[in-house]
Amino acid sequence: NGATLTIEAGTVIKGDKTSKGSLIVTRGAKIIADGTPSEPIVFTSNEANPTYGDWGGIILLGNSLTNASFQGQQGVGEIEGGVNNAEGDGLHGGTDPLDNSGILRYVRIEYCGIAFQPGSEINGLTMGSVGSGTTIEYVQVAFCGDDSFEWFGGTVNCKYLIAYRGLDDDFDADFGYSGKVQFGLAVRDPQIADQSSSNGFEVDNDAQGSGNTPKTKPTFSNITIIGPTGGSINSLYNRANHLRRNNEIGLYNSLFVGQYPVGLFIDGDSCAVNAQTG
């Protein structure tokens, strides 16, 4: 109902494992989680010995643009993770690229990420059609049981993101995300990877690789991904960059290191054409 949740700097929020506790900010609502370098806001596990997937994660849902559809309604998507209900609280998308879902600044999200079912997970920070009026800066996702950051459509711009020892992909974008992200760091644990195969970047236009608009056309700049290194690497590591299904990502001034089997995979004819035409 258009509520604003304000969290003070230095607050620690603990997610419950039994209930798979998650924080979902629905369309029209806002979160103001504005920490400081000395007093970050920390979302963590309530377990005595925390580990991957102890709780769900944070889901931000906005009224910005997406190429998804839901029950025949184009421009509206159902966010992953099994959190939608009869009231449609798990839907995202609209017509306002400037939409404002609030502030996440100096925030750490750790021991999160659960699979509702294969292919439908709650990530560390999930952003569904989040608009460019939203501030997302200095956010670290650590020990996440799925993707650290995933954008489903939207136009939000992000700066200073850290993905630390995640299980699946570090940065995942699809369904028409077109914002700008700069200054990102990912550091991998060579022993930890996901059954779906772990990538640094995984980018799609949509699940079918269609030409639906808006196209997934984000700009990522100044990204460093330090992949798995060492004598024994989990066999489920896949690609530093898996660019597929007709996306049009721009990736600049970035460095990818580590023992990935593949550094860059431009996957499919549509992506090859997009790469050849700018």
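For reference, positions follow the sequence shown, starting with 1.
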(message) Looking at every heavy atom in both Ser120 and Gly81, which two are closest together, and how far apart are they?
(response) OG-N, 2.9 Å

(request) Check whether any side-chain N or O of Thr4 sits under 3.5 Å from a backbone N or O of Lys30 as a donor-acceptor pair, and report yes or no. (result) no

(message) In the structure I gave you, are the side-chain heavy atoms of Asn157 and Ser132 within less than 4.5 Å of one another anywhere?
(response) yes

(message) Checking the side chain of Arg188 only, and the main-chain atoms of Gly166 only, is there a donor and an acceptor separated by less than 3.5 Å?
(response) yes

(message) Consider side chain to side chain donor-acceptor pair (under 3.5 Å). Of Asn212, Asp174, Asn205, which one does Asn67 pass it with?
(response) Asn205

(message) I want to check something: taking the side chain as every heavy atom from C-beta on, are Arg239 and Pro261 in contact at a cut-off of under 4.5 Å?
(response) no

(message) Tell me whether Ser198 contacts the main-chain N or O of Leu167 through its side chain, where contact means a donor paired with an acceptor under 3.5 Å.
(response) yes

(request) Mind running side chain to side chain contact (heavy atoms under 4.5 Å, CB included) on Ile13 and Val42 for me, showing each step along the way? (result) CA-CA 6 Å; Ile13 299 97; Val42 181; over 6 Å; no

(message) Going by ring-ring contact (aromatic ring centres under 6.0 Å, His included), Phe143 matches just one of Tyr164, Trp55, Phe43. Which one?
(response) Tyr164

(request) State, yes or no, whether a side-chain contact exists between Phe149 and Leu161 at a heavy-atom distance under 4.5 Å. (result) yes

(request) Please confirm whether the backbone N or O of Ala163 pairs with a side-chain atom of Ser148, one donor and one acceptor, at under 3.5 Å? (result) no

(message) Can a donor-acceptor pair be found, under 3.5 Å and without considering hydrogens, that links the side chain of Asn85 to the backbone of Asp89?
(response) yes

(message) Restricting to non-hydrogen atoms, name the atom on Tyr52 and the atom on Cys144 that form the minimum distance, rounded to 0.1 Å.
(response) CD2-O, 3.4 Å

(request) Determine whether more than 12 heavy atoms belonging to other residues, nucleotides or ligands lie under 6.0 Å from atom CD of Glu47. (result) yes

(request) Please say which of Arg245, Lys217, Lys215 ends up in a salt bridge (charged side-chain N to carboxylate O under 4.0 Å, His left out) with Asp204. (result) Arg245

(message) For Ala3, is there any backbone N or O sitting under 3.5 Å from a side-chain donor or acceptor partner on Asn1?
(response) no

(message) Below 30° counts as parallel, above 60° as perpendicular, anything between as tilted: where do the rings of Phe220 and Phe201 land?
(response) perpendicular

(request) State, yes or no, whether a side-chain contact exists between Thr229 and Val257 at a heavy-atom distance under 4.5 Å. (result) no

(message) Quick one, Glu80 and Glu150 - any side-chain contact, counting heavy atoms below 4.5 Å?
(response) yes

(request) Could you point out which residue of Asp169, Leu243, Asn241 forms a side chain to side chain contact (heavy atoms under 4.5 Å, CB included) with Asn199? (result) Asp169

(message) Within the 4.5 Å heavy-atom criterion, are Val139 and Tyr160 side-chain neighbours or not?
(response) no

(request) Find out whether Val203 and Asp172 are in side-chain contact, i.e. whether some heavy atom of one side chain is under 4.5 Å from a heavy atom of the other. (result) no

(message) Just verifying a value: how many Å separate Ser64 OG and Trp151 CH2, rounded to the nearest 0.5 Å?
(response) 14.5 Å

(request) Applying side chain to side chain contact (heavy atoms under 4.5 Å, CB included) between Ile136 and each of Val107, Ile103, Val156, report the one that passes. (result) Val156

